[in-house]
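Here's the structure we're looking at; comments come further down.
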Protein chains: 2
Amino acid sequence: MEHLSSVKNSCRLLKFFLQSPSKELGVSDLSRKLSLSKGAVHKMLATLESEGFIRQNPATKQYCLGYTLLELGNQVLKDHNLAEFVKPYLQNLAAMSNELITLCVKDDRDAIYVEKIDSQYPIRFNVDMYRRFPLYATSAARVIFAHCDSALIDELLSEEIRTFTPYSFKEPEAIKMRLQEIKLQGYEMSSNMRNVGVTGVAAPLFDANGEVTASISIIGPTDRMLPLKEKLIEQIVGVTQEISSKLGYHA
Amino acid sequence: MEHLSSVKNSCRLLKFFLQSPSKELGVSDLSRKLSLSKGAVHKMLATLESEGFIRQNPATKQYCLGYTLLELGNQVLKDHNLAEFVKPYLQNLAAMSNELITLCVKDDRDAIYVEKIDSQYPIRFNVDMYRRFPLYATSAARVIFAHCDSALIDELLSEEIRTFTPYSFKEPEAIKMRLQEIKLQGYEMSSNMRNVGVTGVAAPLFDANGEVTASISIIGPTDRMLPLKEKLIEQIVGVTQEISSKLGYHA
DNA sequence: AACGATGTTCTCTATATGAGAACGTTTACA
DNA sequence: TGTAAACGTTCTCATATAGAGAACATCGTT
């Protein structure tokens, strides 16, 4: 199956802005990074600009992402029924623990936080919303990863493992073992995996088909989380089971 | 200057989801609406899906917007320095009036709210964030529109005028007169133009080049706004002048 | 003043594009 | 339950077009 090359290249061009340190990029720069001719890149930019996906700064002649992407991104959130459905439960969890509560989903080979409720503590942990990260990186992601096809698990673990702290998993085998534990006990609590001093408890959401595509987690400073360990686990497991059954899941 | 047709069509396809009542769309439906062959639409969708811009629901075989658009939309917000810069001033206004405060920008032929601070009143007005609307529709937009090239003004007013309430401007001439008033007095206060019972006060932000590309407004129920008319005008004019001068604007 | 970088425009051929028909499935209805 | 219409998907093919590369215009620097 062949793909539309110019469309594919345009998508890559847009995504390149996600990993670029500066918000404005020039034609030459992009053409080098994307291995395309300047003429081709220029034509792509002109087309994308005419549709509002790209904006040109008249002063610098450089390009940046356009507001139409803001519209589309917001539409994704609006269309995301699960987040809407789950929100009251998150608020409930937030009221009980006063820690950061998140809703995490799987998309393709990545995990993304799509909803959160912030802690009200003066010292609180914050997550990067709407940004992809590896399925093995955090508790919220791993409880989803644990229920994925073993083919996907093997594939992702055969690639380079990204670590975030000195305590992050480095070995594929260690991660696999952890995933099995997660499947057995139905939740995970872990510390220092993505950020040092931070602990998360997460449990998966099952839909009507018994598939896991999302998870809920409670995240906070380890010294506030650990003393409440049993209570937090009970809360996260209770809520996710309740939501799963509301979604039509029968254990 | 020619554009890349497949890229243009893909952009149109994505934007079609913004005006569609259902979040999922099928190949046949899209091919009819976009006047393209089913085969072509299918190939576009497959390409966009491979890049995360589109997702297919395995159950219904239909397509919806993908999470990569969420990432990109969020990046637009992060890149938007003005919003970051202006935020403290908005919070200041919010503390003074306790009404909805907005930051509105011009993009191409439209206006978009890109930042807001909600009122804390139990009865409060809310705006649709990140969605395009006509430059003549609200006070926040009109104070920008008033400073646009007269060519753009004439062009947009020569097209069909969209009205939102029975009180909205219908006649191009009426709008033009109002735009002149706005330019003279430096702000606008209006009621019932976009939503009945709602009143807004807005004033433009000038950048270092003397260009107007954004505005700030206070919006709330008319019965709370009108009694404070003088005070609100003073506040909005004061804040926008202060920000403009910080942006390097010299009157 | 000359250079190097940029963004832009141009030409041209190989190629990828999009129409349309045909395929296999699912859905709707009689 | 059977038939037809709708769907998503695949295929082929003539043609439009995409992308390389060179040339141009503009800028800032040396």
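Naming convention: chains lettered A, B, ... in sequence-line order (proteins, then strands); numbering from 1 in each chain.
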Report the distance from atom NE2 of B/His3 to atom P of C/dT8, rounded to the nearest whole Å.
-> 12 Å

Keeping the roles fixed (side chain from A/Ser217, backbone from A/Ala202), state whether a donor-acceptor pair exists under 3.5 Å.
-> no

How far does CD1 of B/Ile153 sit from NZ of B/Lys176, to the nearest 0.5 angstrom?
-> 8.0 Å

Determine whether the aromatic ring centres of B/His42 and B/Tyr63 lie less than 6.0 Å apart.
-> no

Dump the intermediate steps for side-chain hydrogen bond (donor to acceptor under 3.5 Å, both in side chains) on A/Glu24 and A/Asn57, then the final yes or no.
-> CA-CA 8 Å; A/Glu24 290 191 356; A/Asn57 183 334; 2.7 Å; yes

In Å and rounded to the nearest 0.5 Å, what is the CG to NZ distance from A/Leu65 to A/Lys23?
-> 10.0 Å

In whole angstrom, give the distance that lies between atom CG of B/Leu36 and atom C1' of C/dA19.
-> 10 Å

Below 4.0 Å: OP1/OP2 of C/dT6 and any side-chain N or O of A/Tyr63 = no

Can you check the B/Leu4 CG to C/dA16 P distance for me, whole Å?
-> 14 Å

Within the structure, does a side-chain N or O atom of A/Ser37 lie under 4.0 Å from either OP1 or OP2 of D/dG19?
-> no

Just to confirm, is there a sub-4.0 Å distance from OP1 or OP2 of C/dT6 to any side-chain nitrogen or oxygen of A/Gln56?
-> no

Between C/dT8 and A/His42, is there an OP1 or OP2 to side-chain N/O distance shorter than 4.0 Å?
-> yes

Whole Å only: how far is the CD1 atom of A/Ile54 from the C1' atom of C/dG7?
-> 15 Å

Does the ring centre of A/Tyr67 sit less than 6.0 Å away from the ring centre of B/Tyr130?
-> no

Is B/Glu71 paired with A/Lys15 through a side-chain N to carboxylate O contact shorter than 4.0 Å?
-> no

With sequence neighbours excluded, residues passing ring-ring contact (aromatic ring centres under 6.0 Å, His included) with A/Phe206 = A/His147, A/Tyr249

Salt bridge flag under 4.0 Å for residues A/Arg178 and A/Glu173 = no

Can you give one letter per nucleotide of nucleotides 22-30 of chain D, going 5' to 3': B for a protein heavy atom under 4.0 Å from the base, S for sugar-phosphate only, - for none?
-> ---------

Write down the distance between CG (B/Leu34) and C1' (C/dG18), rounded to a whole number of angstrom.
-> 13 Å

With respect to the phosphate group of C/dT26, does any side-chain polar atom (N or O) of B/Gln62 fall under 4.0 Å of OP1 or OP2?
-> no

What is the distance, rounded to the nearest whole Å, between atom NZ of B/Lys61 and atom P of C/dG24?
-> 16 Å

Could you list by number each residue of residues 23-33 of chain A showing a heavy-atom separation from DNA chain C of less than 4.0 Å, or answer none if no residue does?
-> A/Gly26, A/Val27, A/Ser28, A/Arg32

Considering only heavy atoms, which members of residues 5-20 of chain B lie under 4.0 Å from some atom of DNA chain C?
-> B/Ser5, B/Ser6, B/Asn9

Taken in chain and number order and not counting sequence neighbours, the residues that satisfy ring-ring contact (aromatic ring centres under 6.0 Å, His included) with B/Tyr89 are none

A/Phe17: what forms a ring-ring contact (aromatic ring centres under 6.0 Å, His included) with it, not counting sequence neighbours?
-> none

